[in-house]
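Data first, discussion second: the structure below is written as structure tokens.
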Amino acid sequence: PLCVQGCIFKQRTIIRGPYLQLVGFPELSSGPFQYNGNDTNQSLIDKKVKNEVIRMSKLFCDYARKSGYFGILGIDYLWDKESGDVYPQELNTRFVGVTRLLTGMQKDIGLLPDIAVHAKEFGNAIVNKRFIEKEHNTGAYTHDYSHIVIHSNESRVLIVQNYIEPGIYEYKKGLFTLVKRSLFVEDMGPNDVLFTYSAYKDSRIPPGGMLARLILKQSVLTEGIYKLTEEKKDMFAACKNFLTQPL
């Protein structure tokens, strides 16, 4: 699965992506089609597929504008890697999962985030002058980013034993150590983990229920393969174990 964020203004359209959606990883969910986040790793997506996704996305955004819709439009696609065909799946007329990640990425490299551009366009907002408003693409980023949603992959109800306070953590040898009480990607080191959400202690998590959300300044995928790296598998297992096992 691929996703695009379209920004529809009165006189112009901005297309971000395509980016990979993370689906079908048993380490992150028992549901084969449950959304588990996004990854900006472009090594799997060939130029022909990118161009076709962008072409279709512009058509959808133009149609939405003519229909009177303005703002962020999330567009999901299914890509058949064997045939090379790309199929539109759905349109989401709202902020989408990749919006969170893009906002952090754009601030991290000093670009005006798309949601701030929207606030200026439709609400006359005043934004921080340190951010640069300019067109950019995946080439503007010097490394990959990922937004991960960890769900329960158990067939039973889990009782949350420990809470992870949102913030920036260092991960070493199966342990997470809080290093900054910040929720901003720009404050992360290259190997840090930003927890944006954790299930609360004593929560009852049903099968497929959400345990945690986190952001990394790295891809979680093996280069050129739609497969989690062993290092990231260990990290996600450690997160789940900390939340669900008594200390």
Side-chain angles (χ1 to χ4, degrees), residues 1-23 33-42 45 49-79 86-141 144-149 166 183-186 194 196-197 210 213-215 217:
L2 304 173
C3 67
V4 163
Q5 177 178 280
C7 301
I8 303 170
F9 304 110
K10 293 178 182 178
Q11 303 297 330
R12 61 184 174 132
T13 294
I14 299 172
I15 302 292
R16 306 294 187 211
Y19 300 113
L20 293 162
Q21 285 193 340
L22 301 175
V23 171
F33 306 112
Q34 188 166 21
Y35 170 79
N36 288 124
N38 301 96
D39 197 297
T40 67
N41 188 324
Q42 297 285 304
I45 311 174
V49 169
K50 290 180 187 177
N51 290 340
E52 177 62 7
V53 168
I54 291 170
R55 182 191 72 81
M56 287 193 286
S57 297
K58 287 179 178 177
L59 292 175
F60 285 126
C61 288
D62 288 345
Y63 177 82
R65 178 188 293 106
K66 290 175 183 176
S67 301
Y69 180 80
F70 299 99
I72 285 179
L73 179 69
I75 310 171
D76 292 342
Y77 297 90
L78 293 176
W79 170 30
V86 179
Y87 303 93
Q89 183 185 23
E90 66 176 359
L91 306 180
N92 293 298
T93 51
R94 55 174 170 80
F95 288 175
V96 289
V98 78
T99 305
R100 298 181 185 86
L101 185 59
L102 279 170
T103 300
M105 291 164 54
Q106 290 163 345
K107 285 186 65 183
D108 190 38
I109 61 173
L111 297 176
L112 186 64
D114 292 334
I115 59 172
V117 178
H118 280 71
K120 283 180 60 181
E121 182 92 7
F122 301 116
N124 299 316
I126 299 173
V127 300
N128 194 313
K129 292 182 179 179
R130 75 183 175 93
F131 295 110
I132 302 169
E133 184 175 359
K134 65 179 182 180
E135 290 299 315
H136 62 289
N137 53 37
T138 53
Y141 306 105
D144 296 314
Y145 297 79
S146 53
H147 165 229
I148 311 300
V149 186
L183 296 177
F184 296 109
V185 174
E186 61 198 283
L194 171 57
T196 60
Y197 169 83
M210 189 191 307
R213 285 183 182 271
L214 53 97
I215 290 175
K217 281 189 174 184

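The shown structure was predicted, so the numbers you read here are calculated from the model rather than taken from an experiment.
- The closest donor-acceptor contact from the side chain of Gln42 to the backbone of Pro18 lies under 3.5 Å.
- The minimum heavy-atom distance between Cys61 and Ile15, with the atom names listed, is SG-CD1, 3.8 Å.
- Taking every heavy atom of both residues into account, His118 and Gly71 meet most closely at NE2-C, 3.3 Å.
- Exactly one residue among Asp39, Thr40, Asp108 makes a side-chain hydrogen bond (donor to acceptor under 3.5 Å, both in side chains) with Tyr145. That residue is Asp108.
- The two residues Gly97 and Tyr35 have their closest heavy-atom pair at CA-OH, 3.5 Å.
- For the pair Gln106 (side chain) and Asp114 (backbone), a donor-acceptor distance under 3.5 Å is present.
- Remark: Ser146 pairs with no residue by the side chain to side chain donor-acceptor pair (under 3.5 Å) rule, at least two apart or across chains.
- Distance CD/Gln5 to CG/Leu102: 5.0 Å, rounded to 0.5 Å.
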Go through the steps for Val98 and Arg16 under the test side chain to side chain contact (heavy atoms under 4.5 Å, CB included), then give the verdict.
CA-CA 10 Å; Val98 78; Arg16 306 294 187 211; over 6 Å; no
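- A donor-acceptor pair under 3.5 Å is formed between the side chain of Asn36 and the backbone N or O of Val149.
- Nearest approach of Cys7 to Ile72, heavy atoms of both residues: SG-CG1, 4.5 Å.
- The side chain to side chain contact (heavy atoms under 4.5 Å, CB included) check on Glu52 picks up Arg55, Met56, with sequence neighbours excluded.
- The shortest distance between side-chain heavy atoms of Met105 and Val185 does not fall below 4.5 Å.
- In this structure the side chain of Cys3 never reaches within 4.5 angstrom of the side chain of Val96, judged on heavy atoms.
- Under the 4.5 Å side-chain criterion, counting only non-hydrogen atoms from C-beta, Leu101 is not in contact with Tyr19.
- Counting only distance, with no hydrogens or angles, the side chain of Tyr77 and the backbone of Ser57 share a donor-acceptor pair below 3.5 Å.
- Between the side chain of Arg65 and the backbone N or O of Arg12 there is at least one donor-acceptor pair closer than 3.5 Å.
- Of the inter-residue distances, the one linking Ile75 atom CD1 with Gln89 atom CD reads 12.0 Å to the nearest 0.5 angstrom.
- For Arg213, there are no salt bridge (charged side-chain N to carboxylate O under 4.0 Å, His left out) partners two or more places apart in sequence or in a different chain.
- Leu214 CG to Thr196 OG1: the interatomic distance, rounded to the nearest 0.5 Å, is 7.0 Å.
- Residue-environment remark: OH (Tyr63) stays at or below the threshold of 12 foreign heavy atoms within 6.0 Å.
- Taking the side chain as every heavy atom from C-beta outward, Thr13 and Lys58 never approach each other to under 4.5 Å.
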Can you check side chain to side chain contact (heavy atoms under 4.5 Å, CB included) on Val53 and Trp79, steps first, answer last?
CA-CA 10 Å; Val53 168; Trp79 170 30; over 6 Å; no
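- One finds the CG atom of Asn38 at 7.0 Å from the NE2 atom of His147 (value rounded to the nearest 0.5 Å).
- Separation of atoms CZ (Phe95) and OG1 (Thr103) is listed at 7.5 Å; rounding is to 0.5 Å.
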Can you list the steps and then say if Leu20 with Leu2 is a side chain to side chain contact (heavy atoms under 4.5 Å, CB included)?
CA-CA 5 Å; Leu20 293 162; Leu2 304 173; 3.7 Å; yes
Side chain to side chain contact (heavy atoms under 4.5 Å, CB included) for Leu73 and Thr93? Distances and angles first, verdict last.
CA-CA 5 Å; Leu73 179 69; Thr93 51; 3.7 Å; yes
